[in-house]
Number of protein chains: 2
Amino acid sequence: MTNLEPDEQSARNGNPVANLSRDIGEYIRQQRSNAKISLRQLAKLAGVSNPYLSQVERGLRKPSAEILQQIAKGLRISAEALYVQAGILEQRQGGPVVDAVLADPDLSERQKQVLLDVYESFRRENAAEASVTKSTVEGSDVDGAGPETRTPPKE
Amino acid sequence: MTNLEPDEQSARNGNPVANLSRDIGEYIRQQRSNAKISLRQLAKLAGVSNPYLSQVERGLRKPSAEILQQIAKGLRISAEALYVQAGILEQRQGGPVVDAVLADPDLSERQKQVLLDVYESFRRENAAEASVTKSTVEGSDVDGAGPETRTPPKE
DNA sequence: CGCGGGCGCTAGCTCTTGCAAGCGCTCAGC
DNA sequence: GCTGAGCGCTTGCAAGAGCTAGCGCCCGCG
C-alpha cells in the first residue's frame with residue numbers, strides 16, 4: 001500500500017476530502033482485520049448496519065462522529081483515533097501515550113523515561129513480531145509517528 | 001441563566017440527546033456573545049449560512065463535526081471544546097496516561113496491563129515520598145512538591 | 001416620512017447519511 | 001444433491017443536515 005498507482009497518487013494530491021474518507025475506511029478495515037472479526041460482527045458490536053459499515057470501509061459513505069464513536073466502541077479502540085483518521089481531530093505529535101506520560105505531573109522525569117522505555121520496547125517487540133511475519137527486515141525503528149505507520153504490515 | 005425554568009428542567013432530565021443538542025447551541029451563542037459579534041458575522045467568519053447557525057444555536061439542528069470545526073474557527077476557540085459540548089469527545093476521566101495506554105492499538109492487552117502496573121507503582125512510590133516530603137516541608141525534588149497538591153483532589 | 005443597512009428567523013429545496021430488505025457466494029453437514 | 005449459516009455487497013427509502021431566497025423588525029440618516 002505504500003506504492004500507490006499513479007492515478008491514485010494524483011487523486012490523493014487533488015482531493016484531500018475524498019482521501020480522508022478513504023483513509024478512515026481503510027483504517028477501520030485494518031483495525032477490524034487486526035481484531036480478526038468479520039464485518040457483520042463489528043457492525044453488530046458497533047450497533048450500525050453491516051451494509052453501511054461496508055460502504056464506510058470502502059469509502060462510499062462518510063460516517064458522522066457519532067457513528068465513528070460506535071465503531072470505535074466495537075473495535076475497542078479510542079474514538080479519538082478514528083476522529084484523527086477522519087480528519088476531525090488533530091493528531092498529536094508524539095503520540096497519545098508519549099504525550100500523556102510526559103505531561104503527567106505525578107511522575108518524575110526518571111519515571112517518565114522508564115515508562116517510555118518500557119513502552120518503546122513493547123512496541124519494538126510487537127514490530128519485530130510483525131516483521132518476522134512479513135519478512136526479516138533488519139534496521140532502525142522506522143515508526144515514530146503513530147498507529148498509522150502500522151498499515152504496511154497488512155501486506 | 002443558571003436558573004432553569006421548571007419545564008426546561010424536566011426536559012433536560014428526559015431527553016439527553018436533545019439536551020446535548022441544546023447544550024452546544026447555547027454554548028455557541030454564549031461564546032458568540034462573549035466575542036461580541038452578531039450571528040451573521042459569525043456565520044460569515046465560520047463559512048456557514050446564518051439561518052443554519054441560528055437553528056443550531058436554538059437547538060433545532062445538530063451540526064456535524066465539520067461544521068463545529070468551522071464554527072470553532074470563526075469563534076477562534078478550539079474545535080475540541082465544541083466537540084466536548086456536543087458530546088462527541090469525552091472529557092478525560094481515568095487520566096490521560098491510563099486512557100492513552102488502554103487505547104493504544106500497538107500494544108497487547110498484557111502489555112497494557114504491565115505498563116499500567118508500572119505506572120501505578122510509580123504513582124504509589126511518589127505518593128509515599130510526597131507524604132515524607134510534606135512533613136519536612138522542604139523537598140529536594142521541586143517536582144515532588146508540585147504534584148502533591150494535585151494528587152489528593154483527583155482521588 | 002422613506003430609505004438603507006443590519007438584525008435574526010421561516011420555508012422550501014437538494015443532497016447526504018444510515019437503515020432495512022434482500023442478493024449472490026462460499027463452506028460445512030447431512 | 002439440498003440446507004443452513006456465514007460472508008460482504010446492492011438497492012431503495014426516510015430522515016436529517018445545510019443551503020438559498022426571502023421575510024419582518026429595528027435603527028439611523030436625510
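For the numbers below, each heavy atom of this structure counts, side chains included, while hydrogens, waters and symmetry mates do not.
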| OP1, OP2 of dC9(C) versus side-chain N and O of Ser54(B): anything below 4.0 Å? | yes
| Partners passing side-chain hydrogen bond (donor to acceptor under 3.5 Å, both in side chains) against Gln30(B) (at least two apart in sequence or in another chain) | none
| query | What's the CZ-C1' distance between Arg58(A) and dT11(D), to the nearest Å? | reply | 12 Å
| field | Enclosure of Lys112(A) NZ (heavy-atom neighbours >12, cutoff 6.0 Å) | value | yes
| field | d(CG, Leu39(A); P, dC9(D)) in whole Å | value | 6 Å
| field | side-chain contact (heavy atoms from CB on, under 4.5 Å) involving Ala72(A) - partner list, sequence neighbours excluded | value | Ile77(A), Ala79(A), Leu82(A)
| field | Whole-Å distance separating the CG atom of Leu42(A) from the C1' atom of dG18(C) | value | 15 Å
| request: Starting at the 5' end of nucleotides 13-27 of chain D, put B wherever the base has a protein heavy atom under 4.0 Å, S where only the sugar-phosphate does, and a dash everywhere else. | output: ----BBBBB------
| query | Ile37(A) has an atom CD1; how far is it from atom P of dG6(D), in whole Å? | reply | 15 Å
| request: With sequence neighbours left out, write down each residue that passes side-chain contact (heavy atoms from CB on, under 4.5 Å) with Ile37(A), or none if nothing qualifies. | output: Arg32(A), Ala35(A), Gln41(A), Leu42(A), Leu45(A)
| Residue list, side-chain hydrogen bond (donor to acceptor under 3.5 Å, both in side chains) with Tyr119(A), at least two apart or on another chain | Arg123(A), Asp104(B)
| field | Residues in side-chain hydrogen bond (donor to acceptor under 3.5 Å, both in side chains) contact with Ser54(A), at least two apart in sequence or another chain | value | Arg58(A)
N/O contacts under 3.5 Å, protein versus nucleotides 25-27 of chain C?
none

| field | Residues which pass side-chain hydrogen bond (donor to acceptor under 3.5 Å, both in side chains) with Asn34(B), listed by chain and number, not counting sequence neighbours | value | none
| said: For Ser121(B), give me all partners under side-chain contact (heavy atoms from CB on, under 4.5 Å), at least two apart in sequence or on another chain. | reply: Arg124(B)
